[in-house]
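Here's the structure we're looking at; comments come further down.
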2 protein chains.
Amino acid sequence: MKQATDLVKSRDAKTAVRDPEGVRRDILTVAMEEFSQNGLSGARIDEIAARTKTSKRMIYYYFGDKEGLYQRVLEEAYGKVRGGEHDLELDRLDPVAALEKLCRFTFDHHRANPAFIRMVMVENIHHGRHMQMSKTIRDLNQPAIEELENVLRRGQAAGIFRQGITPLELHWQISALSFFNVSNSATFSLIFGGDLFTDEGQQRLSGHVAEMVLRYVLRPDHLGSLPTERA
Amino acid sequence: MKQATDLVKSRDAKTAVRDPEGVRRDILTVAMEEFSQNGLSGARIDEIAARTKTSKRMIYYYFGDKEGLYQRVLEEAYGKVRGGEHDLELDRLDPVAALEKLCRFTFDHHRANPAFIRMVMVENIHHGRHMQMSKTIRDLNQPAIEELENVLRRGQAAGIFRQGITPLELHWQISALSFFNVSNSATFSLIFGGDLFTDEGQQRLSGHVAEMVLRYVLRPDHLGSLPTERA
DNA sequence: CCTCCAATTAACTAATTAGTACATAACGCT
DNA sequence: AGCGTTATGTACTAATTAGTTAATTGGAGG
């Protein structure tokens, strides 16, 4: 009794007798692993329950049903990879350096978060029908575009970037290259060999993605400002 | 009796009493639809059976089990989108035109085959573990690289393409842009709006993908040969 | 210290679903 | 025509799996 009271008083203690928020997080963490590994239909509630410190009943208590859990996991996945772009402080760099940094960051960030990538793959298989409501997710991604827009505008104002490049399309291109790199590594490397997916290969790719984007954006007379000099 | 014999004699007749190959194809077609729509675990054998002209029993008779069917469907998917590149007769075009044509073809081809794309997505969710055996699939994709290699070599020999571009990486880049366009259209358009995925948007994208690849490959002093003149 | 509510446990249910047993019909061949 | 083989229809089973019922415990507020 006394012990229990003590534990409650020290909220941060590891062994709280009851810890609703901890239980929720435990479930979400395990469920993300399971859903991203096996998809919505492939994931098993019993398996998730078994891997948590809590029980199956708790999953239903907190999340209602399998789809409810999946949906929260999806939001969680988007939430976890949000932002980051802003911490790059791109406005402190010249446009070329900023754009290169953004490309490499995006590439690396995708690579570092395969569970997120897989959740997005799964959700696309389901035609995004579990995302339709989540305004949250929309808001989370807007900053990425704005950050890119700033860099572009600065580069264009300085006369080193071409006109007519739209932030949304450019974001699409950078995302495509970064996403595919993770999402399709299994089939791609089985077909063409794994050279592109070694650490060296990935560093080369990362550089070439940035270079591709820069060559696309830079005015031909400013290609000299490429990091890979020999324009 | 007489009728049956007649039907057998005219193999192409629509109402063959027994038609093993037709049954196989019927199953494969329906199964591809089902697997690409719902994934491996999400697909239901009963549902597939219901949509075929035949019965569940036949599925097991011809394909053994669910995974066996899935695997054949996967091979089928790769088979159906194979080739094509060769029919472009790229060697009859100058390197710039050839590369542009290849990019646009790849982009359009992916777009025209969403079921294939979805099968590849599903297979990647499963870490490609159903492809490991299929040497067939590997062979099917080699020509794409070779075709690209030829174009690259010609462009480099003519002094209009940069050195140091590798066919495999370039293929990876073209694939990434073309694949992502289909695979992630659901989530992307939910987050950023559907402008990129209208017919007009897609035509613009297709052009910009080709342009991006060309700007990456062309030597700066030959950017003038871009289809989108105002270099 | 008692009471009410949120949190938790354990065992159970109902439906779905992959896979099968068994009988039978059509075909190819001689 | 007869026979072995390939193909097919019907009905069943065994296991899995999402979701529930009902009872219990801990703790915060009065």
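We name chains A, B, ... by the order of the sequence lines, and we start the count at 1 in each one. When reading the values below, keep in mind they use all heavy atoms of this one structure, side chains included, and skip hydrogens, waters and symmetry mates. It should be emphasised that the depicted structure is a prediction, and the values quoted were computed from it without experimental measurement.
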| Is B/Ala43 touching bases, backbone alone, or none of the nucleic acid, heavy atoms closer than 4.0 Å? | sugar-phosphate
| Between C/dT9, C/dG19, D/dG19, which nucleotide gets closest to the side-chain atoms of A/Tyr60? | D/dG19
| task | Report yes or no: do A/Gln202 and A/Asp108 form a side-chain donor-acceptor pair below 3.5 Å? | result | no
| query | B/Asp26 has an atom CG; how far is it from atom P of D/dA7, in whole Å? | reply | 16 Å
| Between atom CD1 in B/Ile59 and atom P in C/dA18, what is the gap in whole Å? | 10 Å
| query | For B/His127, does the NE2 atom have more than 12 heavy-atom neighbours from other residues, nucleotides or ligands under 6.0 Å away? | reply | yes
| message | If you assign A/Thr54 and B/Glu47 each to the DNA chain C nucleotide with the nearest heavy atom, which residue ends up on the more 5' nucleotide? | response | A/Thr54
| message | Do B/Thr52 and B/Asp26 pair up side chain to side chain, a donor and an acceptor below 3.5 Å, judged on atom types alone? | response | no
| note | note: B/Leu69, atom CG; C/dA18, atom C1'; distance rounded to Å ~ 12 Å
| message | Please confirm whether the shortest side-chain N or O distance from B/Arg44 to OP1 or OP2 of C/dA18 is below 4.0 Å. | response | yes
| query | What is the distance, rounded to the nearest whole Å, between atom OH of A/Tyr61 and atom P of D/dT25? | reply | 17 Å
| task | May I ask you to verify whether the side chain of A/Lys56 and the base of D/dG19 hold a donor-acceptor pair under 3.5 Å? | result | yes
| task | Tell me whether the OP1 or OP2 atom of D/dT8 has a side-chain N or O from B/Ser55 closer than 4.0 Å. | result | no
| said: Rounded to whole Å, please give me the gap between CG in B/Asn38 and P in C/dT17. | reply: 11 Å
| said: Without decimals, in angstroms, what is the distance between B/Glu34 CD and C/dT17 C1'? | reply: 13 Å
| query | So does A/Arg57 get a side-chain nitrogen or oxygen closer than 4.0 Å to the phosphate oxygens (OP1/OP2) of C/dT9? | reply | no
| request: Count the heavy atoms belonging to other residues, nucleotides or ligands that lie under 6.0 Å from CZ of B/Arg82, then report whether that count exceeds 12. | output: no
| field | Nearest-angstrom distance from the residue atom CZ of A/Phe63 to P of C/dA7 | value | 12 Å
| request: Mark yes when over 12 heavy atoms from residues, nucleotides or ligands other than B/Gln203 sit less than 6.0 Å from its CD; otherwise mark no. | output: no
| note | When rounded to whole Å, the CD to C1' distance for the pair B/Glu67 and C/dT17 reads 15 Å
| If you look at every strand shown and take non-hydrogen atoms under 4.0 Å, does B/Tyr62 touch a base, only sugar-phosphate, or nothing? | sugar-phosphate
| query | Out of D/dT17, D/dA7, C/dT20, which has the shortest distance to the side chain of B/Met58? | reply | D/dA7
